[in-house]
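Let me begin by presenting the structure, written as structure tokens, before commenting on it.
Nothing here was measured: the structure is a model prediction, and the numbers come from that model.
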Amino acid sequence: MSTTGPQRTTQVSAARRRTVIDALRRGAVPDSGLDLLATGLDRFEAALDAELDSVASGGSVFKAVRGEYGSGKTFFTRWLGERAKRRNFAVAEIQISENETPLHRLETVYRRLTERLTTSSFPPSALRPVVDAWFYALEEDALAAGASEEELSNEVERLLVARLAEVSRHAPSFATALRGYRTALADGDEATAAAVLAWLGGQPHVAASARRSAGVRGDLDHFGALGFLQGLLTVLRDSGHNGLFVVLDEVETLQRVRSDARDKALNALRQLIDEVHSGRFPGLYLVITGTPAFYDGQQGVQRLAPLAQRLATDFTTDPRFDNPRAVQIRLPGFDQESLVGLGATIRDLYAEAATSPERVRTVVDDAYVADLAQAVGGALGGKVGVAPRLFLKKLVGDVLDRVDQFDDFDPRQHYRLTVASSELTDVERNLAASVSGGPATADDIDVEL
């Protein structure tokens, strides 16, 4: 990534700055304010903004993001999600995992989507505010069409049926549940309304009495989930949102599941891609993230030929000429120069709210930031591309905080980088082990036969 980029530290609100710094101090990717940190992403902006605009106009897009561990995949998708929110999209980020969210169970993926649904106005889960806004919009449309107060209920029912007509072809229970939710609210039965909405969000084990009152049966299944997603997109559009941005993060975990579950998951992914490209989900921007090994290895995408064909992208040329409009895009990751540039950006952002901004910039100058970046990279076997998370955590929590609080603290004299195994991810821990003489990969382990 390039270290060049516009200065983003001016006119930043205290709340945004605090959100970003607090997350970095914990070693986490901030949930917001990522535009303050983004460097080297400008080459993606035009193509991705055009795709978001296309989705807002009723199109649909599927995108695959590839990058090694530490290359910034989560940062990139959250940065793109922020751009989507500014276009009045709803956003949901879903972590794929074998136990909690297996990809081959689309009903579980849909449930996680509704649990983590967020908008520019509401945090997760924003499902209820979205549904309430939809009914309010139906009432406003009915009144604008000339319906009287006595006719309002019937007219809203007519609009509900009309706008969910296409959805009802695939998932008639979606409209039925919405109708049951509205009826429960009108009757003042909050418990039943909440239960019906939970069922609409894909939650299992909803009370049978609530389901009976709404006229629905059983739990959501794999195929019904696609119909419910279609219905959610309709509700979002009619309630004033331009679309839905969904991230399926860490899809590479599929490589570690049983072969039968892996095959089902890969086929589910192929099905999702085909449905997006068929136009069934207008207003959906779907993103997956994974490592090169997932896209290119025999335990990942290449295991299912039709899926490999759909994701095939040429990465044999110089990364400078990668096509950001392609179905799959590559994040090149960090090198020493870009890591130092990011560290300097964080230092300047921190200094804006420091007790003595000039002291922070003087003591933690560019030369020290470079030394710290090199030391963190060295602690991880020289793999600078995996170092950003740990580097920023050390920079903020161990260095900048102390410089800000203690007038006589000088990191060159009073701080020595220490890296505890407990603060590392599995990938970071493996690289650190290689520095201390341990095996870095399975090929480094001697096995007596």
Side-chain angles (χ1 to χ4, degrees), residues 90-119 122-135 160 164 166-182 184-185 191-239 241 243-249 251 261 264-265 268-269 271-272 275-276 280-281 283-288:
V91 174
E93 178 184 321
I94 305 165
Q95 301 291 324
I96 298 300
S97 66
E98 180 181 8
N99 296 324
E100 294 187 5
T101 314
L103 185 56
H104 68 281
R105 297 184 64 85
L106 291 182
E107 67 274 24
T108 304
V109 175
Y110 172 80
R111 182 167 78 248
R112 297 286 181 255
L113 189 161
T114 60
E115 290 172 350
R116 292 159 194 184
L117 186 69
T118 182
T119 69
F122 296 98
S125 166
L127 179 61
R128 182 160 189 168
V130 165
V131 170
D132 289 343
W134 184 65
F135 277 116
L160 183 152
L164 294 177
E166 179 63 23
V167 175
S168 296
R169 291 178 54 240
H170 302 281
S173 55
F174 187 86
T176 302
L178 281 172
R179 193 178 295 112
Y181 170 73
R182 183 167 178 265
L185 284 182
T192 297
V196 173
L197 192 66
W199 187 88
L200 191 71
Q203 296 293 336
H205 315 306
V206 173
S209 58
R211 283 181 281 144
R212 279 196 303 271
S213 68
V216 296
R217 295 185 298 174
D219 293 329
L220 184 64
D221 61 15
H222 176 91
F223 298 102
L226 294 178
F228 274 40
L229 175 58
Q230 192 177 1
L232 178 61
L233 289 166
T234 300
V235 169
L236 284 166
R237 182 193 63 220
D238 289 349
S239 60
H241 295 280
L244 173 62
F245 179 86
V246 178
V247 179
L248 302 180
D249 202 8
V251 178
K264 291 177 182 177
L269 181 57
Q271 182 184 6
L272 273 173
E275 295 283 12
V276 169
R280 180 178 177 182
F281 301 124
L284 177 64
Y285 196 120
L286 178 63
V287 179
I288 67 169

Show the nearest heavy-atom pair for residues [X] and [Y], with the distance to one decimal.
X	Y	value
Leu127	Gly201	CD2-CA, 3.8 Å
Pro102	Thr108	CD-CG2, 4.2 Å
Val235	Phe174	CG2-CE2, 4.0 Å
Trp134	Thr234	NE1-O, 4.3 Å
Leu229	Tyr110	N-CE1, 3.8 Å
Val196	Ala210	CG2-O, 3.8 Å

Point to revise | Non-neighbouring partners of Asp132 that pass side chain to side chain contact (heavy atoms under 4.5 Å, CB included), sequence neighbours left out | key: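 With sequence neighbours excluded, Asp132 shows a side chain to side chain contact (heavy atoms under 4.5 Å, CB included) to Arg128, Tyr181, Leu185, given in chain and number order.
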Check your understanding: How would you list, by chain and number, every residue that makes a side chain to side chain contact (heavy atoms under 4.5 Å, CB included) with Ala133, sequence neighbours excluded?
Key -> Ser239
Looking at [X] and [Y], would you say the former's side chain and the latter's main chain have a donor-acceptor pair under 3.5 Å?
X	Y	result
Thr192	Ala184	no
His222	His104	yes
Thr119	Phe122	yes

Approximate separation, where rounding is to 0.5 Å, of [X] [atom1] and [Y] [atom2]:
X	Y	atom1	atom2	result
Thr114	Leu200	OG1	CG	8.5 Å
Asp249	Glu93	CG	CD	5.5 Å
Asp221	Leu106	CG	CG	10.0 Å
Leu117	His241	CG	NE2	8.0 Å
Leu160	Ser168	CG	OG	8.0 Å
Arg105	Leu220	CZ	CG	10.5 Å

Practice item. Mind jotting down which residue pairs meet the side chain to side chain donor-acceptor pair (under 3.5 Å) criterion with at least one end in residues 193-218? Sequence neighbours excluded, please. Key: Glu115-Gln203
In the structure I gave you, are the side-chain heavy atoms of [X] and [Y] within less than 4.5 Å of one another anywhere?
X	Y	result
Gln95	Arg112	no
Leu103	Leu269	yes
Val247	Ile94	no

Practice item. Take Val287 and Leu248 through the side-chain contact (heavy atoms from CB on, under 4.5 Å) test and state the conclusion after the steps. Key: CA-CA 6 Å; Val287 179; Leu248 302 180; over 6 Å; no
Exercise for review: List the steps, then state whether side-chain contact (heavy atoms from CB on, under 4.5 Å) holds for Leu244 with Leu113.
Suggested key: CA-CA 10 Å; Leu244 173 62; Leu113 189 161; 4.2 Å; yes
Exercise for review: Go through Leu226 and Phe228 one step at a time and tell me if the side-chain contact (heavy atoms from CB on, under 4.5 Å) criterion holds.
Suggested key: CA-CA 5 Å; Leu226 294 178; Phe228 274 40; over 6 Å; no
